[in-house]
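Have a look at the structure below, then the notes.
Hydrogens, waters and symmetry mates play no part in the numbers below; they use all other heavy atoms, side chains included. Nothing here was measured: the structure is a model prediction, and the numbers come from that model. Sequence lines set the chain letters: A, B, ... in the order given, protein chains first and strands last, and positions in each chain run from 1.
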Amino acid sequence: MGRKKKKQLKPWCWYCNRDFDDEKILIQHQKAKHFKCHICHKKLYTGLPPVPGAPGMPPGIPPLMPGVPPLMPGMPPVMPGMPPGLHHQRKYTQSFCGENIMMPMGGMMPPGPGIPPLMPGMPPGMPPPVPRPGIPPMTQAQAVSAPGILNRPPAPTATVPAPQPPVTKPLFPSAGQMGTPVTSSSTASSNSESLSASSKALFPSTAQAQAAVQGPVGTDFKPLNNTPATTTEPPKPTFPAYTQSTASTTSTTNSTAAKPVASITSKPATLTTTSATSKLIHPDEDISLEERRAQLPKYQRNLPRPGQAPIGNPPVGPIGGMMPPQPGIPQQQGMRPPMPPHGQYGGHHQGMPGYLPGAMPPYGQGPPMVPPYQGGPPRPPMGMRPPVMSQGGRY
Amino acid sequence: MSLFGTASGFGTGGTSMFGSTTTDNHNPMKDIEVTSSPDDSIGCLSFSPPTLPGNFLIAGSWANDVRCWEVQDSGQTIPKAQQMHTGPVLDVCWSDDGSKVFTASCDKTAKMWDLNSNQAIQIAQHDAPVKTIHWIKAPNYSCVMTGSWDKTLKFWDTRSSNPMMVLQLPERCYCADVVYPMAVVATAERGLIVYQLENQPSEFRRIESPLKHQHRCVAIFKDKQNKPTGFALGSIEGRVAIHYINPPNPAKDNFTFKCHRSNGTNTSAPQDIYAVNGIAFHPVHGTLATVGSDGRFSFWDKDARTKLKTSEQLDQPISACCFNHNGNIFAYSSSYDWSKGHEFYNPQKKNYIFLRNAAEELKPRNKK
């Protein structure tokens with residue numbers, strides 16, 4: 001084993017930092033709480049000698065023969081008796097320490113006890129880190145440095161910390177958080193974004209126009225940064241801070257104020273909306289929801305024709321007066337086909353009390369009203385709607 | 001003659017006009033439902049300023065209309081008037097004296113609606129839909145600021161058809177907020193610019209975005225002396241950044257927090273991350289509310305850095321929100337925001353605006 005063979009160190013769960021008396025309990029705890037395939041929600045095979053009857057163990061698997069490694073990394077993930085469909089192979093390129101490491105996810109896990117451990121100093125009984133090779137055995141010290149590496153923020157000014165390990169399952173609730181402190185401090189220091197407080201000092205206060213913003217915090221706001229000591233954030237409300245969202249930049253691109261994520265550089269840049277752990281509920285193109293919606297023909301029917309005189313005519317008389325002249329220009333006919341509901345207006349207001357005398361029932365009469373715009377002379381494209389009133393001139 | 005009557009402050013919520021049904025989830029918080037809600041998605045909400053007695057709510061919708069209701073103490077909402085644009089209405093705001101409402105629309109224009117006469121005239125023109133509109137009241141000038149997808153920010157004296165000033169934006173304007181003498185505009189491609197409005201509007205600083213995703217909403221907050229001192233910026237990635245303009249210690253003072261996400265990491269399903277559709281600060285407490293595509297609203301205390309409350313989940317995204325002038329009423333609209341694309345749009349689905357008593361729930365946490 002490695003030099004790190006600890007004496008009687010109590011095994012602890014490095015996913016959630018809980019101490020356990022017995023490794024058996026620890027393993028059970030980990031299996032129950034942490035080892036789930038995020039894709040199919042099944043329990044991960046932990047590589048431990050399959051114990052028939054253990055939770056999650058498919059029936060019919062014989063106990064491991066002593067001395068026979070159940071699995072070695074790189075071995076085909078299929079073992080006789082393994083239930084089909086339990087494997088979700090993923091290859092993860094880890095930027096940890098510059099190595100590319102491929103690890104099968106789900107389904108198979110590298111060797112368990114009884115086999116020369118992958119990493120030195122692996123606590124007995126510890127199934128090797130699934131998505132994060134190398135992490136579990138890390139000590140605290142290492143943990144800090146790793147995120148440091150992860151972040152690779154040259155980012156002085158530019159970036160915003162938010163360095164989340166690019167990989168899926170967060171191994172250390174604390175790691176992510178610890179990561180940020182490293183970043184943020186460096187960012188803060190190197191952050192010389194002193195914008196000249198230019199001529200007009202807008203707001204009282206001192207110089208240092210710091211543009212940098214600090215890293216993410218847990219959902220409950222507690223900053224993840226600055227207090228390496230506090231691994232706090234026991235996931236307060238709901239989401240531990242490290243959970244990473246869409247690929248987006250994260251650590252990889254960071255720095256540059258580059259596009260959020262242009263996975264494809266096509267006309268409308270697209271977002272990467274799905275990553276292993278999370279899914280952005282947003283259409284793929286990187287345009288705003290309103291822009292996307294406004295493109296629909298339905299919402300464009302009424303737009304003034306190009307060439308329509310812009311403002312041109314300032315305030316004119318009461319709209320009401322304008323109505324009549326409108327020729328029936330049905331260019332925008334069919335506008336709002338799905339407008340039936342308009343009828344509602346009338347409906348509601350029947351008994352509306354509380355109106356100032358002379359006031360009009362609020363939404364004017366039933367059918368769609370359209371105050372053509374006050375302005376000027378017949379704006380042709382004023383889609384002709386049943387020339388109802390038009391609010392105007394009401395009061 | 002004035003159209004609007006008088007009404008005093010808003011009391012505790014009255015009965016819901018329509019009553020809550022048992023099985024459907026359109027109003028899980030049992031809040032007051034505004035009557036005669038628009039027929040298509042509500043894009044913006046705005047309450048009247050304190051200069052107007054009573055509470056009047058304006059809502060702009062994708063049905064091209066802008067509606068006005070009076071909200072009475074009892075919670076009763078009375079539809080008062082309506083105006084139309086020729087395109088969906090994207091933003092609305094009030095003048096400081098409460099006599100005019102400004103509306104911005106996809107029809108590339110902005111209008112000024114005189115409530116007393118119930119007439120609306122065009123006061124602004126852009127080359128693309130106008131996304132934001134704000135009234136600026138400075139000691140030496142007053143104007144309307146419009147931000148558009150044509151990448152310009154224009155300032156208008158309502159009496160002239162030519163803008164007083166045109167400022168170029170790096171990209172399409174997505175959201176903006178004004179609290180004199182500060183204005184913030186967030187654009188596409190994560191652009192973020194702060195303007196100072198004294199004497200005349202000018203660009204103060206371009207800020208490196210604290211967020212990694214598309215900007216969606218922004219709201220300025222004030223310090224204890226009631227001066228604007230920073231802003232909250234929301235993105236499509238369920239995250240809000242709190243950013244101070246001149247903080248003593250930016251590394252510590254500025255931060256981001258996650259919100260509007262589903263399932264914790266305990267479950268093995270991938271987390272769903274929703275856009276933050278709106279942010280509003282309570283005018284008295286300084287705490288903030290966020291509403292998201294997930295159909296929930298949350299209240300937060302940015303100084304204590306804690307969450308105060310999260311609502312139950314509505315069956316539709318919450319598209320907009322705002323507080324009334326004294327912070328007693330929190331209004332939020334439940335309508336489809338297109339977050340799942342065209343496929344999930346159901347024109348038959350009713351759009352709601354809910355009113356909630358906000359006096360108690362937004363009190364800040366005791367300082368640590």
Would B/Thr109 and B/Asp107 count as having a side-chain donor-acceptor pair, cut-off 3.5 Å?
-> yes
Pick whichever of B/Arg172, B/His215, B/His126 has the most heavy-atom pairs under 4.5 Å with chain A.
-> B/Arg172
Please flag which part of B/Tyr336 lies under 4.5 Å from any non-hydrogen atom of chain A: side chain, backbone, both or neither.
-> backbone
Determine the sole option in B/His243, B/Arg190, B/Arg239 for which the side chain to side chain contact (heavy atoms under 4.5 Å, CB included) test with B/Leu211 is passed.
-> B/Arg239
Quick one: closest heavy-atom pair of B/Ser339 and A/Pro283, and the distance?
-> O-CD, 3.3 Å
Whatever's closer than 4.5 Å to a heavy atom in chain A on B/Ser298 counts as neither
Do B/Asn118 and B/Trp113 have a side chain donor and acceptor closer than 3.5 Å?
-> yes
